[in-house]
Amino acid sequence: MASAEPAEPAKKASRAGRNLPAAIGVGLLLGAAILVSLLTVRYLFIGIIAAAIAVGTYEFAQALRRAAGIRLALVPLLAGGQAMIWLAWPFGYEGALIAFAVTVLACLLWRLPGGAEGYLRDISASVFTAAYLPLFGAFAAMLVPPADGVGRVLAFLIGVVASDTGGYIAGVLKGKHPMAPSISPKKTWEGFSGSLVAGVVAGALTLTLLLDGQIWQGVVFGVAIVLTATLGDLVESLMKRDLGIKDMGTLLPGHGGLMDRLDSLLPSAVVSFLLLSAFLN
């Protein structure tokens, strides 16, 4: 009887946890598109935000429906989301909040023909989506109009990227102590320390070199961005665990869905707008 062939050794999982070359390539392409918009006609960046929010909303709706049978009021959310982003340009947070209120009303009406079963569940998820995606995204749009808007947007984006990159590198190289094992097992305190160092350095540099800020303001800004970026990542990880899915979508190779990139940006946009408005006005 012929002896069984030895089983192939199991492939060792990458410590990176994802397709790193693809992730870097996609990140560079996205970064290039953002830089081109900011350095040519900066208001084009609002269009990038609007497109990202629309795609993220669709991804989120599909994920909720597949995993939990939740039916978002997608049409009002897509239309109302665009209204929140674009009305935030000329009218600021008042325009965004009015559009948000109208969107909630439209969601209530849109879901009525579907009957009573699951109505509260679907409406609650729709209102959450309206706040989490387009309303938070509107704060990123409000960074653009001031005369130093390019610097504000760059400070916001560089802070989030520095936090994510610093945390990723430190976590891969030194991560041993899980930060929230029941939510995101790969997130470690060492990674958070790396995020904090990178975020503070980025904040201090961007606020002093790109804007008329002080070093202490940059430090505060950097710490705040690291906290909100980390919170956003943990919140989305918890949502995905609740839904029993790995990624919100498959649009971006090496990253998952666009929603998987927006998680740290959305709450950070709110804090960036509030802090930069307080520090620079």
Fill in: By side-chain hydrogen bond (donor to acceptor under 3.5 Å, both in side chains) - contacts of Thr228 (at least two apart)
Ser268
Practice prompt. Could you tell me whether a side-chain N or O of Thr206 sits under 3.5 Å from a main-chain N or O of Gly203, the two making a donor and an acceptor?
Written response: yes
Discussion item. Starting from Trp110, can I reach Leu105 by hopping between I/L/V/M/F/W/Y residues whose side chains sit under 4.5 Å apart?
Written reply: no
Worksheet item: Can you find a pair of side-chain heavy atoms, one from Leu266 and one from Ile53, that are under 4.5 Å apart?
Response: yes
Worksheet item: If every non-hydrogen atom of Gly167 is compared with every non-hydrogen atom of Ser195, which pair is closest and at what distance?
Response: CA-OG, 3.1 Å
Pairs of donor and acceptor atoms involving the side chains of residues 64-73, under 3.5 Å and at least two apart or interchain, shall be tabulated with distances.
none

Fill in: Non-neighbouring partners of Glu190 that pass side-chain hydrogen bond (donor to acceptor under 3.5 Å, both in side chains), sequence neighbours left out
His177
Item to complete: If you link ILVMFWY side chains whenever their heavy atoms are less than 4.5 Å apart, which other residues fall into the same cluster as Tyr58? By chain and number, please.
Response: Leu74, Leu78
Discussion item. Under the rule for side-chain hydrogen bond (donor to acceptor under 3.5 Å, both in side chains), what residues qualify as partners of Thr103, not counting sequence neighbours?
Written reply: none
Fill in: Hydrophobic cluster membership, Leu209 vs Leu38, 4.5 Å side-chain cutoff
no
Worksheet item: Is Leu97 reachable from Val127 through a run of hydrophobic residues whose side-chain heavy atoms are each under 4.5 Å from the next?
Response: yes
Practice prompt. Over 60° means perpendicular and under 30° means parallel, so classify the ring planes of Trp89 and Tyr43, tilted if in between.
Written response: parallel
Response to the item:
Contacts of Ala33 meeting side-chain contact (heavy atoms from CB on, under 4.5 Å) (sequence neighbours excluded), chain-then-number -> none
Worksheet item: Of all heavy-atom pairs between Ala138 and Ile85, which one has the smallest distance, and what is that distance?
Response: N-CD1, 3.5 Å
Discussion item. Whether the side chain of Lys240 engages the backbone of Lys246 through a donor-acceptor N/O pair (distance < 3.5 Å, no angle test) should be reported.
Written reply: yes
Practice prompt. Please identify each residue that fulfils side-chain hydrogen bond (donor to acceptor under 3.5 Å, both in side chains) with Asp263, with sequence neighbours left out.
Written response: none
Fill in: Those residues that, when tested against Phe273, pass ring pair (Phe, Tyr, Trp, His ring centres under 6.0 Å) (two or more places apart)
Phe139
Item to complete: For side chain to side chain contact (heavy atoms under 4.5 Å, CB included), just list the numbers for Met259 and Tyr132, CA-CA rounded to whole Å, side-chain angles, deciding distance to a tenth of an Å, and then say yes or no.
Response: CA-CA 11 Å; Met259 269 295 298; Tyr132 181 59; 3.6 Å; yes
Worksheet item: If you group Ile, Leu, Val, Met, Phe, Trp and Tyr whenever their side-chain heavy atoms sit less than 4.5 Å apart, what else falls in with Val226?
Response: Met179, Trp189, Phe192, Leu196, Val200, Ile215, Val219, Val223, Leu227
Item to complete: Could you tell me which residues satisfy salt bridge (Lys or Arg N to Asp or Glu O under 4.0 Å) with Asp148, sequence neighbours excluded, listed by chain and number?
Response: Arg152
Worksheet item: Do Asp233 and Ser184 have side-chain atoms, one donor and one acceptor, less than 3.5 Å apart?
Response: no
Discussion item. Do Val104 and Leu133 land in one hydrophobic cluster if side-chain heavy atoms of ILVMFWY residues count as linked below 4.5 Å?
Written reply: yes
Worksheet entry | Residues clustering with Leu87 (ILVMFWY side chains joined when closer than 4.5 Å, directly or via others) | Phe91
Worksheet item: Got more than 12 heavy atoms from elsewhere within 6.0 Å of CZ, Phe279?
Response: yes
Worksheet item: Do side-chain atoms of Arg111 reach the backbone of Gly115 as a donor and acceptor pair under 3.5 angstrom?
Response: yes
Fill in: Criterion side chain to side chain contact (heavy atoms under 4.5 Å, CB included) on Leu205 and Ile158, from CA distance to verdict
CA-CA 10 Å; Leu205 290 176; Ile158 290 171; over 6 Å; no
Worksheet item: What's in the same ILVMFWY side-chain cluster as Leu120, cut-off under 4.5 Å, chained through other members?
Response: none
Fill in: Which atom of Leu143 lies closest to which atom of Leu276, heavy atoms considered
CD2-CD1, 4.1 Å
Discussion item. What verdict does the side chain to side chain contact (heavy atoms under 4.5 Å, CB included) test give for Leu262 and Glu236, after you've listed the backbone C-alpha separation in whole Å, the side-chain angles of each residue and the deciding distance to 0.1 Å?
Written reply: CA-CA 9 Å; Leu262 292 175; Glu236 203 206 17; over 6 Å; no
Worksheet entry | hydrophobic_cluster_shared for Phe156 and Leu258, side chain cutoff 4.5 Å | yes
